[in-house]
> 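First the structure, which I've put down as structure tokens, then a few questions once you've had a look.
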Amino acid sequence: MSSAETVTLRRLAWAGVEVASGDDRIVIDALKNPADLAGFQGMPRRPLPSIEAPPGVRTHAFVTHLHPDHCDRLLLTEFAATEGCTVGCHTPIVDVLGKMGVTAVAQDMGERRQIGPFTTIPVPSHDWRGDDQVAWIVEAPGLRVIHFGDTIWHGKWWEIAREYGPFDVAFLPIAGVMARREGITPTNQPATLTPEQAVEAAVVLEASTACAIHYDLFNNPPYYTEQHDVRGRFLRAARARGIHGVAPGDGKPVPLAAAAA
């Protein structure tokens with residue numbers, strides 16, 4: 001593989017992303033079974049796109065954290081039991097996945113793992129409740145992407161950029177969710193990045209393309225409430241900052257900055 005042209009990028013449902021090349025593909029936070037989300041996030045507003053792999057293609061599924069909208073235990077069990085497929089995670093959650101019946105390959109923070117043409121690296125991310133979470137970098141010849149499943153604004157953007165940037169694509173949540181859960185003192189601060197914060201993160205990460213994820217599928221007030229017009233705000237903020245911002249639909253390819261010229 002000599003260039004990014006041999007790699008395809010696809011946005012799946014919600015926070016899911018697919019990076020594929022030849023006989024290998026990586027999926028991050030893929031979602032197929034939403035029943036566990038009904039009580040808090042509600043059910044999805046529309047059917048989820050297919051995430052089935054073409055015949056002969058090996059799937060390597062990665063998890064950013066254990067929340068059920070990012071960690072589909074039934075789907076991960078399916079992948080883990082399929083010959084040639086694997087599940088990858090950050091080391092602190094490998095035992096929890098094991099108790100779910102999911103055998104996973106663990107990586108420490110910053111540890112590299114080679115999968116066919118891809119290199120995967122977990123880097124810091126931060127959750128509104130303090131749960132263990134990572135972002136995943138996926139590198140291939142001619143392409144470097146980073147995926148943040150469910151993060152708030154934090155102080156590690158600059159460190160990640162310094163050690164691993166620049167990036168061709170940064171996948172960033174934009175819903176600015178206001179969350180209310182029993183046993184957790186409510187605040188008026190968003191539980192995920194707002195559209196404007198996502199764009200600023202892309203600026204710091206030196207990302208050529210910022211791709212919106214984690215929006216417009218779940219809205220279940222008062223427990224889980226998406227902010228207003230997040231897609232429009234994201235695209236406007238990206239234009240104002242000179243960033244190539246994209247918001248492809250569920251299951252659609254991700255256009256790179258060079259392709260937009």
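We use all heavy atoms of the structure for the numbers below, so side chains are in, but hydrogens, waters and symmetry mates are not.
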> Flag the pair His60 / Thr120 as yes when at least one side-chain heavy-atom distance between them is below 4.5 Å, and no otherwise.
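Counting from C-beta outward, His60 and Thr120 never come under 4.5 Å.
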> State which residue, out of Trp136, Phe167, Trp153, Trp157, fulfils the ring pair (Phe, Tyr, Trp, His ring centres under 6.0 Å) condition with Phe148.
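Of the listed residues Trp136, Phe167, Trp153, Trp157, the ring pair (Phe, Tyr, Trp, His ring centres under 6.0 Å) partner of Phe148 is Trp157.
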> Considering only heavy atoms from C-beta outward, does the side chain of Asp24 approach that of Pro117 to under 4.5 Å?
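Asp24 reaches Pro117 side chain to side chain.
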> Can you see whether Thr192 engages Asp150 through a side-chain donor-acceptor pair at a distance of less than 3.5 angstrom?
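Distance-only check fails for Thr192 and Asp150.
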> Which heavy atom in Ala257 sits nearest to a heavy atom in Ser208, and how many Å separate them?
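Scanning both residues, the minimum pair turns out to be CB-O, 3.7 Å.
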> Does some side-chain heavy atom of Val27 sit less than 4.5 Å from a side-chain heavy atom of Thr59?
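Yes - at least one pair of side-chain heavy atoms lies under 4.5 Å apart.
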> So how far is it from Glu226 CD to Asp216 CG, rounded to the nearest 0.5 Å?
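CG of Asp216 is found 6.0 Å from CD of Glu226.
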> Taking the side chain as every heavy atom from C-beta outward, state whether Phe171 and His214 have any atom pair closer than 4.5 Å.
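No, side chains not in contact.
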> Check Leu97 against Ala104 and note the closest heavy-atom contact, atom names and distance.
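Smallest interatomic distance, heavy atoms only, reads CD1-CB, 4.0 Å.
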> Should we say atom CZ of Arg58 is surrounded by more than 12 heavy atoms from elsewhere, each under 6.0 Å from it?
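It does: Arg58 CZ has more than 12 such atoms within range.
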> Before you tell me yes or no, could you show the steps for Asp127 and His65 under side-chain hydrogen bond (donor to acceptor under 3.5 Å, both in side chains), namely the whole-Å CA-CA distance, both residues' side-chain angles and the distance that decides it to 0.1 Å?
CA-CA 9 Å; Asp127 174 71; His65 62 300; 4.8 Å; no
> Under the side-chain contact (heavy atoms from CB on, under 4.5 Å) test against Arg144, which residue among Asp168, Thr119, Ile121, Val169 passes?
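Testing each of Asp168, Thr119, Ile121, Val169 against Arg144, the sole residue satisfying side-chain contact (heavy atoms from CB on, under 4.5 Å) is Asp168.
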> Phe234 and Ala210: which non-hydrogen atoms are nearest, and at how many Å?
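So the two residues come closest at CZ-O, 3.4 Å.
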> Is the closest side-chain heavy-atom distance between Asn219 and Thr225 below 4.5 Å?
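Asn219 vs Thr225: side chains touch.
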> For the atom pair CG (Leu31) and CG (Asp72), what is the distance rounded to the nearest 0.5 Å?
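If we round to the nearest 0.5 Å, Leu31:CG and Asp72:CG are 5.5 Å apart.
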> Does this structure show an ion pair linking Asp250 with Arg46, if we count only N-O contacts that are shorter than 4.0 Å?
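Arg46 and Asp250: salt-bridged.
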> So, for Leu205 and Ala170, which heavy atoms are closest and what is the spacing to 0.1 Å?
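What the structure gives for the nearest pair is CD1-CB, 4.2 Å.
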> Are a donor atom and an acceptor atom from the side chains of Gln227 and Thr194 found within less than 3.5 Å of each other?
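The criterion, which ignores hydrogens and geometry beyond distance, is not satisfied for Thr194 and Gln227.
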> Assess the residue pair Ile51 and Leu75 against the criterion (side-chain contact (heavy atoms from CB on, under 4.5 Å)); give the C-alpha distance rounded to whole Å, side-chain angles, the decisive distance to 0.1 Å, and a yes or no.
CA-CA 10 Å; Ile51 59 171; Leu75 180 60; 3.2 Å; yes
> Roughly how far apart are Gln189 CD and Ile152 CD1, rounded to 0.5 Å?
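These two atoms lie 9.5 Å from each other.
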> Can you give me the closest heavy-atom contact between Ser50 and Arg10, atom names plus distance?
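Nearest heavy atoms, Ser50 then Arg10: O-NH1, 3.5 Å.
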> Report the distance from atom CD of Gln197 to atom CD1 of Ile174, rounding to the nearest 0.5 Å.
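Nearest 0.5 Å value for the CD-CD1 distance: 12.0 Å.
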> Sort out for me which residue in Thr64, Thr151, Ile146 forms a side-chain contact (heavy atoms from CB on, under 4.5 Å) with Ser125.
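Among the candidates, only Thr151 passes.
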> Do Val177 and Leu217 share a hydrophobic cluster, counting only Ile, Leu, Val, Met, Phe, Trp and Tyr and linking them when any side-chain heavy atoms are less than 4.5 Å apart?
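Yes: a chain of side-chain contacts under 4.5 Å links Val177 to Leu217.
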> Shortest non-hydrogen contact from Ala140 to Val7?
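That closest heavy-atom pairing would be CB-CG2, 4.1 Å.
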> Rounded to the nearest 0.5 Å, what separation is found between the CG atom of Leu143 and the CG atom of Leu256?
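If we round to the nearest 0.5 Å, Leu143:CG and Leu256:CG are 6.5 Å apart.
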> Do the side chains of Glu196 and Arg241 get close enough for a salt bridge, i.e. N-O under 4.0 angstrom?
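Not counted as a salt bridge, because no side-chain N and carboxylate O are separated by less than 4.0 Å.
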> Indicate yes or no: at least one non-hydrogen side-chain atom of Asp36 is less than 4.5 angstrom from one of Arg73.
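Yes, at least one pair of side-chain atoms sits under 4.5 Å.
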> What verdict does the side-chain contact (heavy atoms from CB on, under 4.5 Å) test give for His90 and Gln133, after you've listed the backbone C-alpha separation in whole Å, the side-chain angles of each residue and the deciding distance to 0.1 Å?
CA-CA 8 Å; His90 183 215; Gln133 184 171 168; over 6 Å; no
> Step by step, work out the ring-ring contact (aromatic ring centres under 6.0 Å, His included) result for Phe40 and Tyr223.
CA-CA 6 Å; Phe40 177 50; Tyr223 308 109; 7.2 Å; no
> Are any of the side-chain heavy atoms of Glu139 and Arg112 separated by less than 4.5 Å?
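Yes. Closest side-chain heavy atoms under 4.5 Å.
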> Taking C-beta and beyond as the side chain, do His67 and Gln41 meet within less than 4.5 Å on heavy atoms?
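His67 vs Gln41: side chains apart.
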